[in-house]
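First the structure, then my questions, so here it is.
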Amino acid sequence: MMSKTKSNDKTKTMDEKLNTLRAGVLGSNDGILTVVGVLFSVAAATSNQFTIFIAGLSDLLACAFSMASGEYASVSTQKDTEKAVVEKERQLLKTNFDDELAAVKRHYMTLGVTEATAVAIGKDLLAKKPLETMVSIKYDMKLGHYMNPWDAAFSSLFSASAGGVFPLVAMTFLPTALKWPGTIVAVSLSVALTGYLSAVLGKGNVKTAVTRNVIVGIITMFIHYYIGTLF
């Protein structure tokens with residue numbers, strides 16, 4: 001039982017790390033596409049390099065802080081919900097102990113344990129660590145182990161900023177003759193990379209993810225370029 005608990009804890013920790021990495025990859029992808037959209041719209045409307053740079057930089061910062069605040073709010077809400085669930089189970093253990101024991105019994109019976117053994121396990125667990133047992137069995141949560149909203153916020157802030165740097169640097173520092181093709185190449189390669197990483201982390205089809213991301217990137221650049229030409 002102890003080794004199983006440790007294994008579950010390791011699995012949860014790994015899942016949390018993978019979720020953070022996936023969120024970072026998606027944040028980078030959003031940063032790339034958001035910034036290149038603004039850059040292409042502004043660059044198509046004006047040739048003033050300073051204006052283009054300021055527009056891109058402003059959008060990069062706005063995107064990064066927007067995603068960070070969104071992640072903070074989302075994870076904070078999740079954390080509050082998890083704490084509410086723990087308090088609910090704390091009360092149920094006081095007022096509906098038999099129902100809680102029955103839930104533990106059903107859980108172990110679904111794992112192939114006989115009814116008598118499941119009841120014995122349930123009584124033993126609820127005698128030693130009742131609250132931890134209930135939140136684990138009913139909600140697949142580890143007691144006292146909540147996601148940190150600040151970690152999620154800073155992860156999104158960094159990833160979105162890092163993604164937006166690719167098109168911003170390409171459009172700002174490449175020679176005039178290479179600005180447009182260089183930015184297109186930089187964006188295509190960077191979204192291909194985020195597509196690859198998201199597929200690997202999510203165990204999806206790499207070719208499909210990369211192709212989809214590149215197509216979306218090209219469409220984004222195309223649409224924003226022609227929006228800019230209208231002005």
Side-chain angles (χ1 to χ4, degrees), residues 1-30 67-160 194-209:
M1 181 66 68
M2 183 65 71
S3 61
K4 181 180 177 182
T5 301
K6 289 182 178 178
S7 176
N8 288 338
D9 290 347
K10 288 180 180 179
T11 300
K12 289 179 182 178
T13 300
M14 182 60 69
D15 287 341
E16 288 168 2
K17 289 181 178 179
L18 288 176
N19 285 333
T20 300
L21 287 172
R22 278 193 287 267
V25 169
L26 293 174
S28 296
N29 199 68
D30 286 346
M67 292 193 66
S69 62
E71 278 296 310
Y72 179 83
S74 175
V75 175
S76 293
T77 300
Q78 180 181 339
K79 183 177 179 180
D80 292 341
T81 301
E82 291 174 349
K83 286 185 174 182
V85 163
V86 171
E87 289 306 312
K88 175 185 175 183
E89 288 304 315
R90 194 190 306 276
Q91 292 302 315
L92 287 175
L93 284 166
K94 295 178 181 178
T95 59
N96 295 286
F97 184 84
D98 290 341
D99 290 341
E100 297 291 86
L101 177 60
V104 178
K105 182 189 77 172
R106 287 193 300 271
H107 171 74
Y108 281 98
M109 288 181 67
T110 60
L111 298 178
V113 176
T114 63
E115 182 176 359
T117 303
V119 171
I121 292 173
K123 288 181 178 180
D124 184 55
L125 288 174
L126 293 182
K128 294 177 179 178
K129 44 184 180 181
L131 190 56
E132 182 177 345
T133 298
M134 295 315 304
V135 297
S136 174
I137 287 176
K138 294 176 72 173
Y139 302 99
D140 194 26
M141 288 169 46
K142 187 172 184 295
L143 185 64
H145 190 75
Y146 307 111
M147 290 187 68
N148 189 327
W150 287 108
D151 287 345
F154 283 119
S155 175
S156 291
L157 181 69
F158 174 78
S159 61
T194 57
Y196 170 80
L197 292 175
S198 64
V200 170
L201 293 172
K203 298 181 181 180
N205 186 293
V206 171
K207 183 178 179 180
T208 300

query = Closest approach of Leu101 and Gly122, non-hydrogen atoms and distance?
reply =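 Looking at all heavy atoms of both residues, the closest pair is CD1-C, 3.6 Å.
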
ask   = Pick from Lys138, Lys94, Met141: which one makes a side chain to side chain contact (heavy atoms under 4.5 Å, CB included) with Glu89?
value =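 Only one of Lys138, Lys94, Met141 forms a side chain to side chain contact (heavy atoms under 4.5 Å, CB included) with Glu89, namely Lys138.
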
request  = Keeping the roles fixed (side chain from Ser136, backbone from Glu132), state whether a donor-acceptor pair exists under 3.5 Å.
outcome  =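 Here the side-chain-to-backbone pair does not exist.
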
ask   = Is the backbone N or O of Asp151 less than 3.5 Å from a side-chain atom of Ser155, with the two atoms forming a donor-acceptor pair by type?
value =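 Not at all, since once roles are kept as given, no pair shorter than 3.5 Å links the two residues.
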
request  = Please report the closest heavy-atom contact between Ser28 and Thr194, naming both atoms and the distance.
outcome  =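 So the two residues come closest at CB-CG2, 4.1 Å.
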
query = Quick one: do the Gln78 and Glu82 side chains pair a donor with an acceptor below 3.5 Å?
reply =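 Present: a donor and an acceptor within the cut-off.
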
Check: Ile137 and Tyr108 side chains under 4.5 Å, non-hydrogen atoms =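 Tyr108 vs Ile137: side chains touch.
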
key: Least distance between heavy atoms, Ala209 atom then Gly195 atom   =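 Heavy atoms of Ala209 and Gly195 come nearest at CB-O, 3.3 Å.
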
query = Do Thr110 side-chain atoms and His107 backbone N/O form a donor-acceptor pair below 3.5 Å?
reply =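 Yes, the answer is positive, given that a donor and an acceptor are paired below the 3.5 Å cut-off.
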
ask   = Side-chain contact, heavy-atom cut-off 4.5 Å: Pro149 with Lys79?
value =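 Pro149 vs Lys79: side chains touch.
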
key: Close side-chain approach of Phe97 to Leu126, heavy-atom, < 4.5 Å   =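 The answer is yes, as the side chains (C-beta and beyond) meet within the 4.5 Å cut-off.
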
ask   = With sequence neighbours excluded, what pairs up with Lys128 under the salt bridge (charged side-chain N to carboxylate O under 4.0 Å, His left out) test?
value =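 Result, salt bridge (charged side-chain N to carboxylate O under 4.0 Å, His left out) vs Lys128: Asp124.
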
message = How close do Ala118 and Lys105 get, counting heavy atoms only, and between which atoms?
response =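 So the minimum-distance heavy-atom pair works out to CB-O, 3.6 Å.
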
message = Using a 3.5 Å distance criterion without hydrogens, assess whether the side chain of Ser156 forms a donor-acceptor pair with backbone atoms of Ala153.
response =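 No.
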
ask   = Which atoms form the tightest heavy-atom contact between Ala103 and Met134, and what is the distance?
value =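 For Ala103 versus Met134, the nearest heavy atoms are CB-CE, 4.2 Å.
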
ask   = Under 4.5 Å between any side-chain heavy atoms of Lys123 and Val104, yes or no?
value =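 Result no, sub-4.5 Å side-chain heavy-atom pair not found.
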
ask   = Does a side-chain heavy-atom distance below 4.5 Å link Leu131 with Leu93?
value =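 Yes - at least one pair of side-chain heavy atoms lies under 4.5 Å apart.
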
